[in-house]
Amino acid sequence: MSSFKVPVSGVVERLIGSEDACVGTDNPVSIDRATKGCVHVVVPVFNRWQFTQQCVEDLRRQTYRHLTINVSDGGSTDGTRDKLARLYPDVEVIHDGKERWWAGSCALAIERILAKAATDDFVLLLNNDTRVPENYIETLVAWSRAHDAAVGAKVVDSRDPTRVLDAGEMIDWERYDFPIKTEIASGERHCEDVDTLPGRGTLIPIKMIRAVGNIDDRTFPHYISDYDFFCRIKSAGFKLLVCYDTMILAHIEETGIVPQAQLTLRQAWREIFDRRSMTNLGDHWRFVSRHAPAPLRPRLHRLLVAQAAVKLLLRTELGVFFLPPYKGARLVRRVIRAVVRLINEPDAALEFAHWPHAVKLVALMTFAPRPFQGDEAAAKGLDVSRLVRDGVLVLRLPPDWYCFGTLQWAGRSDAAQLNDLLRTCRGPSLLQYRALVSYKRARQAHIRLGDDSAADPGQASCNH
């Protein structure tokens, strides 16, 4: 019997197991109903027969033998169903004549499994564009039983299994972001601090599905349907967990429409509205409506609309018309915020060191005080050493140059002299420009002489 084999590296093959093990129909998967915990594997597919066949081969060599393989076909046109029936008669092929997306295919298979599954059975959701080692199911079942949890595994890149893609997924509702853990500490074996799980290779006890219901393919036909499903499971009081004792190898190059930086109008429209898009506006709107904390939902809905507008109007060819006024409006808004902050927080004038160079120059010629020499402060009757100890002034490099460390000195006995020095060092004038040029030349000469081996003591707070 000839079979198509997905080309993978030798490293991956050693992780997965022998390529020739359990091939064809010579060693069908045994199902022992008397054994506690049958795992019903659901593999949603649409074409890509080569991946489907490799996925079935990986499942047939699993060390955990109490399982059924259920391939739910969403309407393949490459002969997937016929090939499965001919090569793998022990595999349950599920198809209702309709074209279905990921969620619909999974929901159809789970519906049929629920009708016959025992209370202590499991469902394993597994995409066909993944590879799993032979102890994958056995490991997940052990973790699920030990922790009474729905369990996923760390996801790695099939092209480089040392690269961790997903070791736990969280949801930041304040920013509507989905941070993913990608670093695993030495000796760390699992992560319980997750908000959701992916549908790629996660094991769910049947009791959890019966408690919260099936995957909602009507509301979420494709992307984010898995997040919705596991958010519902967690909201019902069940535990979610990612274990690191095994892994799932993902062909990440086989994903759907991935967001890009620059787009054509057609691409932007597809990212916003296409069913295959990870950033589909309708899907995320409904996800926020169902799961986000109620007080945040109006703001998050506005954020979703704003993100779609930015994508359509600023990151496409329409940006020629909309980008200039948008940038202008943002600049005006930032200036207003800066002015308000300067009024309420005097020390904000000292933070301009981190601004762009052109803006920094304008700041130094207007509201931000320039560096000055010790003689200027002494001429105002100020004790420079004492002011440095008190944190009012900061010593700079080159020596005998200083800058203000704070502009808040009300109540000091030398407040009048400090105000006089501040007036001298701030404001648009030719004197200020000459002082800045003198400071820059002195610093450059100091660097050329090699005297800057020590870090500038005032650089962190006053880097001009």
Side-chain angles (χ1 to χ4, degrees), residues 39-49 51-53 55-56 59 68-85 91-117 121-130 150 152 196-204 206 208-233 248 250-251 254-258 270-291:
V39 174
H40 304 275
V41 185
V42 174
V43 185
V45 303
F46 183 81
N47 292 327
R48 303 193 303 179
W49 161 248
F51 289 111
T52 300
Q53 183 178 27
C55 182
V56 171
L59 290 171
T68 66
I69 303 175
N70 305 267
V71 175
S72 187
D73 191 289
S76 296
T77 58
D78 62 351
T80 289
R81 297 187 297 279
D82 293 337
K83 293 172 184 176
L84 284 169
V91 172
E92 180 77 17
V93 180
I94 300 172
H95 178 59
D96 63 353
K98 300 178 181 179
E99 185 172 304
R100 292 175 174 268
W101 296 90
W102 184 91
S105 295
C106 289
L108 178 63
I110 291 173
E111 181 182 349
R112 298 189 181 184
I113 290 168
L114 287 173
K116 61 183 178 181
D121 284 358
F122 303 86
V123 167
L124 173 65
L125 299 175
L126 185 66
N127 288 357
N128 67 340
D129 56 357
T130 57
T196 189
L197 291 170
R200 181 197 291 123
T202 298
L203 184 80
I204 313 105
I206 282 286
M208 296 184 185
I209 302 176
R210 286 181 171 148
V212 305
N214 203 343
I215 291 175
D216 186 0
D217 62 311
R218 292 181 179 272
T219 306
F220 304 100
H222 196 51
Y223 277 114
I224 218 167
S225 55
D226 51 351
Y227 279 17
D228 167 72
F229 183 52
F230 290 108
C231 281
R232 286 192 284 128
I233 288 177
I248 183 167
H251 300 302
E254 294 295 322
T255 56
I257 299 174
V258 180
R270 289 179 65 196
E271 279 198 15
I272 297 169
F273 299 110
D274 196 289
R275 180 54 59 205
R276 293 171 295 173
S277 173
M278 297 178 180
T279 56
N280 181 285
L281 175 60
D283 289 341
H284 285 275
W285 183 284
R286 290 185 290 272
F287 184 74
V288 166
S289 299
R290 176 175 288 182
H291 297 291

Review point. Partners of Asp96 by salt bridge (Lys or Arg N to Asp or Glu O under 4.0 Å), sequence neighbours excluded?
Key: Arg100
Point to revise | Partner set under side-chain contact (heavy atoms from CB on, under 4.5 Å) for His222, not counting sequence neighbours | key: Trp101, Trp102, Arg275
**Study point:** Close side-chain approach of Asp121 to Val39, heavy-atom, < 4.5 Å
**Key:** no
Review point. Which value, rounded to the nearest 0.5 Å, describes the distance between Ile224 atom CD1 and His284 atom NE2?
Key: 4.0 Å
**Study point:** Non-hydrogen side-chain atoms of Val71 and Ile94 separated by less than 4.5 Å
**Key:** no
Practice item. Mind listing the closest non-hydrogen atom pair of Thr130 and Ala250 along with its distance? Key: CG2-CA, 4.3 Å
Review point. Can you name the residues that form a side-chain contact (heavy atoms from CB on, under 4.5 Å) with Asp228, not counting sequence neighbours?
Key: Asp216, Phe220, Arg232, Phe287, Arg290, His291
Review point. Under 3.5 Å, is there a donor-acceptor pair between the side chain of Asn47 and the main chain of Thr77?
Key: yes
Check your understanding: Sub-3.5 Å donor-acceptor pair from the side chain of Asn214 to the main-chain atoms of Ala107, do we have one?
Key -> yes
Review point. Can you find a pair of side-chain heavy atoms, one from Leu125 and one from Cys106, that are under 4.5 Å apart?
Key: yes
Review point. For the side chain of Arg48 and the backbone of Asn128, is there at least one donor-acceptor N/O pair under 3.5 Å apart?
Key: no
**Study point:** Candidate list Leu124, Val41, Val123, Leu197, test side-chain contact (heavy atoms from CB on, under 4.5 Å), partner Leu203, passing option
**Key:** Leu124
Review point. Should Asn70 and Ile110 count as side-chain neighbours, where that means a heavy-atom distance under 4.5 Å?
Key: no
Exercise for review: Check for a donor-acceptor pair, side chain of Asp217 on one end and backbone N or O of Ala103 on the other, with a separation under 3.5 Å.
Suggested key: no
Study note, to complete from the structure: Partner of Arg200 under side-chain contact (heavy atoms from CB on, under 4.5 Å), picked from Ile248, Asp226, Leu126, is Ile248
Review point. Is the closest side-chain heavy-atom distance between Glu92 and Thr68 below 4.5 Å?
Key: no
Exercise for review: Hey, could you give me the CG/OG1 distance between Asp283 and Thr219, rounded to the nearest 0.5 Å?
Suggested key: 9.5 Å
Revision key, fill the gap. Residues at least two apart in sequence or cross-chain that pass ring-ring contact (aromatic ring centres under 6.0 Å, His included) with Phe46, listed by chain then number, are none
Check your understanding: If only atom types and distance count, is the side chain of Ser105 paired as donor or acceptor with the main-chain N or O of Pro44 below 3.5 Å?
Key -> no
Review point. What do you reckon, are the aromatic ring centroids of Phe51 and His251 less than 6.0 Å apart?
Key: yes
Review point. Can you tell me how far the OG1 atom of Thr279 sits from the CZ atom of Arg270, to the nearest 0.5 Å?
Key: 11.0 Å
Study note, to complete from the structure: Correct closest heavy-atom pair for Pro198 and Tyr227 would be CA-CE1, 4.5 Å
Review point. Going from NZ on Lys116 to CD1 on Ile206, what distance comes out if it is rounded to the nearest 0.5 angstrom?
Key: 10.5 Å
Practice item. Output all residues satisfying side-chain hydrogen bond (donor to acceptor under 3.5 Å, both in side chains) with Thr202, sequence neighbours left out; order by chain, then residue number. Key: none
Exercise for review: Indicate yes or no for a side-chain donor-acceptor contact from Asn127 to the backbone of Asp129 under 3.5 Å, with no hydrogens or angles considered.
Suggested key: no
Point to revise | N/O donor-acceptor pair under 3.5 Å between Asn280 side chain and Asp274 backbone | key: yes
**Study point:** Partners meeting side-chain contact (heavy atoms from CB on, under 4.5 Å) with Asp73 (sequence neighbours left out)
**Key:** Val45, Ser76, Thr80, Arg81, His95
Exercise for review: Work out which heavy atom in His40 is nearest to a heavy atom in Ala117; give both atom names and the distance.
Suggested key: NE2-CB, 3.9 Å
Review point. Can you check whether Phe229 reaches Thr196 side chain to side chain, under 4.5 Å on heavy atoms?
Key: no
